[in-house]
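Computed from heavy atoms alone, side chains included, the values below leave out hydrogens, waters and symmetry copies.
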Amino acid sequence: MVTTITLRAARVNAGLSLRETAKKIGKSPKAVSFWERGIVPIKAIDFDKLCTEVYSIDPSIVEIPIVDDGNYDE
């Protein structure tokens, strides 16, 4: 069984604030917060950069938040 962590936990474990994280990837702290809370989807390129370059972790152990857009596939 592989243990996974949330996007927020990855940031906290890296010892970074929202502001520090945002600065490192050229985004706003609000964008990072929205990604972590699943309010807006994170682009694959931003997710990969966060995990590999900023947090120094394997992206496969980080849960990508599911954005609730009100549309449900059945």
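Legend: residues meeting side-chain contact (heavy atoms from CB on, under 4.5 Å) with V40, ordered by chain and number and at least two apart, are F34, W35. With sequence neighbours excluded, the residues satisfying side chain to side chain donor-acceptor pair (under 3.5 Å) with S60 are D58. Among residues two or more places apart in sequence or in another chain, the side-chain contact (heavy atoms from CB on, under 4.5 Å) test is passed with I61 by V2. When the side chain to side chain donor-acceptor pair (under 3.5 Å) test is applied to S28, no partner is found at least two apart in sequence or on another chain. Partners of R11 according to the side chain to side chain donor-acceptor pair (under 3.5 Å) rule, which considers only residues two or more places apart in sequence or in another chain, are E36.
Linking Ile, Leu, Val, Met, Phe, Trp and Tyr whenever their side-chain heavy atoms come within less than 4.5 Å leaves L7 and V12 in two separate clusters.
Considering CG of N13 and OG1 of T6, their distance stands at 8.5 Å, rounded to 0.5 Å.
Looking only at side-chain heavy atoms (C-beta outward), I42 and L50 come within less than 4.5 Å of each other. Put simply, the side chain of I57 reaches to within 4.5 Å of the side chain of I5, judged on heavy atoms.
Contact detail for V62 and C51: the closest heavy-atom pair is CG2-SG, 3.8 Å.
Residue pairs meeting the side-chain hydrogen bond (donor to acceptor under 3.5 Å, both in side chains) criterion with at least one member in residues 43-52: none, sequence neighbours excluded. Under the side-chain hydrogen bond (donor to acceptor under 3.5 Å, both in side chains) criterion, the residue pairs touching residues 16-25 are S17-E20, with sequence neighbours excluded.
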